[in-house]
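As structure tokens, the structure follows; a few thoughts come after it.
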Amino acid sequence: MLNYRRYERVPVLHLPDRQWPGKEIERAPIWCSVDLRDGNQALIEPMVVEEKMEFFNLLVKLGFKEIEVGFPAASQIEFDFLRQLVERKMIPDDVTVQVLVQCREHLIARTFEALQGVKRAVVHIYNSTSALQRDVVFHASKEEVKKIAIEGTKLVQKYAKDFPGEIILEYSPESFTGTEVEYALEVCTAVQEVWQPTPEKKMIFNLPATVEMNTPNVYADQIEWMNRNFKDRDSIILSIHPHNDRGTGVAIAELALLAGADRVEGTLLGNGERTGNVDILTLAYNMFSQGINPELEIENITEIVDVYERCTKMQVPPRHPYAGKLVFTAFSGSHQDAINKGVQAMKERNSQIWQVPYLPIDPADIGREYEPIVRINSQSGKGGVAFIMDTYFGYKLPKGMHKEFAGRIQQIAEGQGEVAPEQIFEEFKKEYLEKKEPLHFRRLNVEEKHGADEASDTEIVLIYTDGGVEKTIRAVGNGPIDAVLGGLRKEMAHTYKVLDYSEHSLGLGENAQAAAYIHMLDTENGETTYGVGISSNITRASIRAIFSAMNRLNER
């Protein structure tokens, strides 16, 4: 048994009058990508400078206005990357770069050296404030830890004084989720009193879930408490930096936005330490799915994944929200059927609002292919096979035919696993369109005979082969199908009856073919089946469908 007694519950904040549960997300936050720092440091093989350049360009293209480019005082590679951005003039005027630095003078001095030539930058200082780290890492009192933050702020102030560009201060009480909120506020207030932000020149307080330690509602309570108690709130940008240790990084971010956060630091697709940072793309697409402008240019998830995987050497899991290869794929038969009906309903209603079961967004809106939306395996149902036949190949199978054909595909899937659309169509041709033995339709002549009472009869001459022997039938009926069936009834031992008939065009234009479907009963033994015929002439398509059905009945 798991030794659960080794662990204690993390204390929760008592906030009985919390307001965030009654709120809704109404607009996108300020987004800050930390892929090039937090994400990069978590890679097995960190990006080289040119890969960072490509990734930076992607972030700019996606519309990020704040991008953390690294820890330039930590290594020469980090320093050189920022210098390359400056010297190559790669930082657009509307993009603010952010740099991380510890509260030490030689590191802050080196950071400002790297920033030379940058028009506007966020200098992000931090120190850990949690009770656990104060105890076991720093062996420091609350006053000593607060002093680190104050001294760091004064050092940034000192170097910013003569810096030709604009400097915005960001302070993070690292390990905020393990810090007493009263103490976190005390440290932040001390930093604020040194920096003296104003509504016109705000500073950023970043409250990170450096480690997820509790359920999402607890983080929301912590953020709301801080939001209520900050001094001069209109001079502050309240930022969050969620990680994903408990697998709820997206949830804590969304609840924190309800609780008053203005800004989110995260990474594309959730790369980061341990289980990762919050996935900004998932957050943004979640907003998009609710009719909120995410204020990022993320219409092509395939391109984003391509650059991400190439630069990070990481693979996007197939079930990753929105970006995974399988997330717009339905294996379940009931899901496939519901998707099929939802798409058809939208077409019939000419609806401009996306409402399809099991698909929260239209895959096409984010650059995904619509065709591979349904995949067929042994768990798939009749609706999925029908959807493939319609969406891929234009065959609108009658409802009664769905079960008959899907049963055959399921047999194949049980033997081999997934069945590709192309194989489904090949099986359809073999089962229906190519059923030409023993009865093979050759030619049909049709002539309308008008009587004196203006009634008309249809006279047909049908030529076909039976086991290779050519035969001719002459018959009269109230239409070609009736006449053909009447003639065959006299010629053959079996009596066939048409239970249902449908038709539609395949494609558009003068060269479009027609597809005909016949549901036929063998009255001698009660067997039924479907036949399918195609031709540029609807009458020939119908007769081919009759022969297809008869041949299938002869196999029973």
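Predicted model only: the values in this text are computed from it and were never measured.
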**Report entry** Closest non-hydrogen atom pair between M287 and A28, with its separation
**Finding:** SD-CA, 3.9 Å
**Report entry** No-hydrogen, no-angle side-chain donor-acceptor test under 3.5 Å, E273 and Q41
**Finding:** yes
Report summary line: Here the ring-ring contact (aromatic ring centres under 6.0 Å, His included) pairs for residues 112-166, sequence neighbours left out, are F112-Y159, F112-F163
Query raised in the report: Does one side chain, of S239 or N206, offer a donor that lies under 3.5 Å from an acceptor on the other?
Result: yes
Query - NZ (K147) with more than 12 external heavy atoms under 6.0 Å - result: no
Query raised in the report: So which pairs with a foot in residues 294-315 pass ring-ring contact (aromatic ring centres under 6.0 Å, His included), sequence neighbours left out?
Result: none
Query raised in the report: Can you find a heavy atom in the side chain of L268 that is under 4.5 Å from one in the side chain of L58?
Result: yes
Query - Qualifying residues under ring pair (Phe, Tyr, Trp, His ring centres under 6.0 Å), relative to Y285, sequence neighbours excluded - result: Y322
Query raised in the report: Can E151 and K158 be counted as an ion pair, charged N to O under 4.0 angstrom?
Result: no
Requested in this report: Answer with yes or no whether the side chains of E254 and N286 bring together a donor and an acceptor at under 3.5 Å.
Outcome: yes
Query raised in the report: Are E303 and K61 within salt-bridge range, i.e. N to O under 4.0 Å?
Result: yes
**Report entry** Pairs satisfying side-chain hydrogen bond (donor to acceptor under 3.5 Å, both in side chains), at least one member in residues 44-54, at least two apart
**Finding:** E50-R88, E51-K313, K52-E78, E54-R310
**Report entry** Residues S175 and Q133: side-chain donor-acceptor under 3.5 angstrom
**Finding:** yes
Query - Test item: W195 side-chain N/O and E170 main-chain N/O as donor-acceptor pair under 3.5 Å - result: no
Report task. Would you check if the side chain of D232 reaches a backbone N or O of D234 as a donor-acceptor pair within less than 3.5 Å? Result -> no
Report task. Enumerate the residue pairs fulfilling ring-ring contact (aromatic ring centres under 6.0 Å, His included) with a member in residues 22-48, sequence neighbours excluded, ordered by first and then second residue. Result -> none
Query raised in the report: Only one of L238, T179, T177, V181 clears side chain to side chain contact (heavy atoms under 4.5 Å, CB included) with L207; which?
Result: L238
Query - Side-chain (Q416) to main-chain (A413) donor-acceptor, under 3.5 angstrom - result: no
Query raised in the report: More than 12 heavy atoms of other residues, nucleotides or ligands under 6.0 Å from CG of N293: is that the case?
Result: yes
**Report entry** Results of salt bridge (Lys or Arg N to Asp or Glu O under 4.0 Å) for E212 - residues two or more places apart only
**Finding:** none
Query raised in the report: Between V95 and I67, is any pair of side-chain heavy atoms under 4.5 Å apart?
Result: yes
Query - Partner residues of E8 under the salt bridge (Lys or Arg N to Asp or Glu O under 4.0 Å) criterion, sequence neighbours left out - result: none
Query raised in the report: Does any pair with a residue in residues 218-274 pass ring-ring contact (aromatic ring centres under 6.0 Å, His included), and if so which ones, sequence neighbours excluded?
Result: F205-F230, H241-H243
Query raised in the report: Any donor-acceptor pair under 3.5 Å linking the side chain of R83 with the backbone of Q116?
Result: yes
Query raised in the report: CD1 of I167: more than 12 outside heavy atoms within 6.0 angstrom?
Result: yes
Report task. Dump the intermediate steps for side chain to side chain contact (heavy atoms under 4.5 Å, CB included) on R319 and K325, then the final yes or no. Result -> CA-CA 7 Å; R319 297 291 183 191; K325 292 180 179 178; over 6 Å; no
Report task. For residues 10-24, pull every pair meeting salt bridge (Lys or Arg N to Asp or Glu O under 4.0 Å), keeping only residues two or more places apart or in separate chains. Result -> D17-R228, R18-D221
Query raised in the report: Any donor and acceptor pair, going by atom type alone, linking the side chain of R263 with main-chain N or O of P29 inside 3.5 Å?
Result: no
Report summary line: Exactly one of L296, I361, I298 clears side chain to side chain contact (heavy atoms under 4.5 Å, CB included) with F288, and that residue is I361
Report task. Could you list the residues that satisfy salt bridge (Lys or Arg N to Asp or Glu O under 4.0 Å) with E186, not counting sequence neighbours? Result -> K146
Query raised in the report: Who pairs with N340 by side-chain hydrogen bond (donor to acceptor under 3.5 Å, both in side chains), at least two apart in sequence or on another chain?
Result: none
Requested in this report: Establish, from distance only, whether the side-chain atoms of N277 and E265 form a donor-acceptor pair under 3.5 Å.
Outcome: no
Requested in this report: May I ask you to check whether over 12 heavy atoms, not counting those of R104, lie within 6.0 Å of atom CZ?
Outcome: no
Requested in this report: Please report the closest heavy-atom contact between L85 and F56, naming both atoms and the distance.
Outcome: CD2-CD2, 3.7 Å
Report summary line: Sequence neighbours excluded, the answer for salt bridge (Lys or Arg N to Asp or Glu O under 4.0 Å) partners of D135 is none
